[in-house]
Amino acid sequence: MATDNRTDIADIAELNYGGRTTKLPVVRGSEGEAGLDIAKLRALTGLVTLDPGYGNTGACRSAVTFIDGERGILRYRGYPIEQLAQKSTFLEVAWLLVHGELPTEGQLEAFTDRVTRHTLLHEKFRSFFDALPHDAHPMPTCAAAVGALATWYQGPETDAAVDDAVVRLIAKMPTIAAWSYKHSLGQPFVYPRNDLGYAANFLKMMFGVPAEDFVPDPVVAKALDLLLVLHADHEQNCSTSTVRMVGSSRANLFASIGAGISALWGPLHGGANQEVIEMLEQIAHEDGNADVFLTKCKDRGDTTRLMGFGHRVYKAYDPRAAILKKTCGEVLARRGVSNRLLDIAMRLEEVALRDEYFVKRNLYPNVDFYSGVIYQAIGIPVNMFTAMFVMGRLPGWIAQWMEMRKDPDTRIGRPRQIYTGATEREYVPIQVRG
Ligand code: ACO
């Protein structure tokens, strides 16, 4: 059994079923979270567990990210998100997530240099985009392109090869995302430049054209870098669990990440900030009255929801939303963009946080409430919002995939089910079927 040699067994729970008492270990994590280890449950009792949506199921032990949704805490490798947001950069956070420790100066320099020098795609890769319709959405384009990278890097998966794959993925993702967008516009691809930082390079590839110089705004690049930091990991969510599940079959890193991108594409996962913008624009278009809109959100007969509010895990203010709210004001002021959508968002928040409906249900702003407003202010089109999320989440997916591959408890992901279909019956020849 997975837990036999483990030192984190804190207690024993007893399950009474079928006239027998079965003892099951309770494991405890470093932050005190307790979980019932059911690895032997079926062997000992004949039972499996049923948990649609996995709301009560811990699929792994993980040392990457800690979330306490009740207290609004998010930490990568132990470091509070507030400190990383203020003091770190995306590439440093990527190293932290992948390697478990903050890099030394030399390590960060070498890593940054490697990432900077791997941003180009193979020249033949340009024709990959030509095969897609001109209005292809950037998300399936990104998923397919990352899967296709596996055709260029096919060697055996040694530690050194995985390390190269990690660098290549982090380096090429902004190029793939920006070129997916350029393809959808019918504009020429813009090549990366080694004298620009990670976020600035992406802005150049997104908004530059060969006909004129484009100088990325450092304030915008910094805001983008912050957004990437805030999205870098969020423990066992839908896309991360997908990456782990695909990787558990020993599929390579590119194939696993490609699957994660597809999982993130769904509107219930990565697509919510787009819906926030549409909601704010709708309110602005109608009469700008936040109070009237909130009344609709509270009406049980109306399906309208306050998008960007509420979270499956956070039952307090999402710490990422608090950081973004502040950045939002700074970026909009810098860009000289109208504050109308931000004003409406802040008014919605102010009213909702005093309203009994939202207070009683612990509904607070989540990361998506303000991120879309910032993306829009810096010119990112709505259909690229989820691709921005991909760039941010990439190091988290990689760290979780690597942790899974090194974990001695990892087995191929293969859930059980409770079968509810027909019991055995005789095959009926087609001629006699009524
Ligand atoms: N507006 C109005 N009411 C809400 C909202 C909301 N945004 N969110 C939850 N509620 C209400 C529900 O109607 C329900 O009320 P009831 O108890 O009277 O039936 C109660 O709060 C609990 O809601 P659930 O849907 O059961 O909560 P769950 O944890 O399953 O859902 C979710 C979380 C999907 C995020 C939900 O809060 C929601 O739909 N929010 C809006 C969409 C959104 O912002 N998604 C982004 C999440 S962050 C991310 O994925 C990166």
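This chain uses plain numbering: 1 for the first residue, then up along the sequence. First listed ligand is number 1; within each ligand, the first listed atom is number 1.
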So, [X] versus [Y]: side-chain donor-acceptor pair below 3.5 Å or not?
{"X": "Q400", "Y": "Q236", "result": "yes"}
{"X": "N237", "Y": "T240", "result": "yes"}
{"X": "T65", "Y": "H234", "result": "no"}
{"X": "Q376", "Y": "E281", "result": "yes"}
{"X": "Y375", "Y": "Q274", "result": "no"}
{"X": "T22", "Y": "E14", "result": "no"}

Return the closest protein heavy atom for [atom] as residue, atom name and distance.
{"atom": "atom 48 (S) of ligand 1", "result": "H311 CD2, 3.5 Å"}
{"atom": "atom 42 (C) of ligand 1", "result": "M307 CE, 3.3 Å"}
{"atom": "atom 47 (C) of ligand 1", "result": "N366 ND2, 3.6 Å"}
{"atom": "atom 1 (N) of ligand 1", "result": "L306 N, 3.0 Å"}
{"atom": "atom 12 (C) of ligand 1", "result": "R305 NH2, 3.3 Å"}
{"atom": "atom 41 (C) of ligand 1", "result": "F309 O, 3.4 Å"}
{"atom": "atom 45 (N) of ligand 1", "result": "A272 CB, 3.6 Å"}
{"atom": "atom 29 (O) of ligand 1", "result": "R312 NE, 3.3 Å"}

Side chain or backbone of [X] under 4.0 Å from ligand 1, or both, or neither, by non-hydrogen atoms?
{"X": "D368", "value": "side chain"}
{"X": "R300", "value": "side chain"}
{"X": "L363", "value": "side chain"}

Q) Hey, is atom 31 (O) of ligand 1 touched by any protein heavy atom at less than 4.0 Å? A)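 No, no protein heavy atom sits under 4.0 Å from atom 31 (O) of ligand 1.
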Q. Heavy atoms of the protein only: does one fall short of 4.0 Å from atom 26 (O) of ligand 1?
A.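 So atom 26 (O) of ligand 1 lacks protein heavy-atom neighbours under 4.0 Å.
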Q: Could you label the plane-to-plane angle of the F309 and F369 rings as parallel, tilted or perpendicular, counting under 30° as parallel and over 60° as perpendicular?
A: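 Perpendicular, since the angle between the ring planes exceeds 60°.
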Does [X], backbone or side chain, put an N or O under 3.5 Å from an N or O of ligand 1?
{"X": "F389", "answer": "no"}
{"X": "G308", "answer": "yes"}
{"X": "R361", "answer": "yes"}

Q: Inspect the surroundings of CZ in R42 and state if more than 12 heavy atoms from other residues, nucleotides or ligands are less than 6.0 Å away.
A: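 Incorrect, the count does not exceed 12.
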(Q) Once ring-ring contact (aromatic ring centres under 6.0 Å, His included) is applied, do any residues pair with W95, and if so which ones, sequence neighbours excluded? (A)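 Only H99, F111 meet the ring-ring contact (aromatic ring centres under 6.0 Å, His included) criterion with W95.
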Q) Heavy-atom contact under 4.0 Å between H234 and ligand 1? A)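 The answer is no, since H234 has no heavy atom less than 4.0 Å from ligand 1.
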Q | Enumerated ligand 1 atoms positioned under 4.0 Å from heavy atoms of G310 | A |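 Every atom of ligand 1 under 4.0 Å from some heavy atom of G310: 35 (C), 37 (O).
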Q: Pull out every atom of ligand 1 sitting under 4.0 Å from any heavy atom of Y357, numbered as shown with elements.
A: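 So the answer, numbered in order with elements, is 2 (C), 3 (N), 4 (C), 11 (C), 13 (O).
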**Q.** Shortest heavy-atom approach to atom 50 (O) of ligand 1 - which of H231, R320, H269
**A.**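 Going through H231, R320, H269 one by one, H269 has the nearest heavy atom to atom 50 (O) of ligand 1.
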Q: Check A290 against I283 and note the closest heavy-atom contact, atom names and distance.
A: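 Nearest pair, atom of A290 first, then I283: N-CG2, 4.5 Å.
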Pair up each side-chain donor or acceptor in residues 82-93 with any protein partner under 3.5 Å, not counting sequence neighbours, and list the distances.
from, atom 1, to, atom 2, distance (Å)
S88, OG, E92, OE1, 2.5
T89, OG1, E92, N, 3.3

Q. If only atom types and distance count, is the side chain of R334 paired as donor or acceptor with the main-chain N or O of V219 below 3.5 Å?
A.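 No, because the side chain of R334 does not come within donor-acceptor range (under 3.5 Å) of the backbone of V219.
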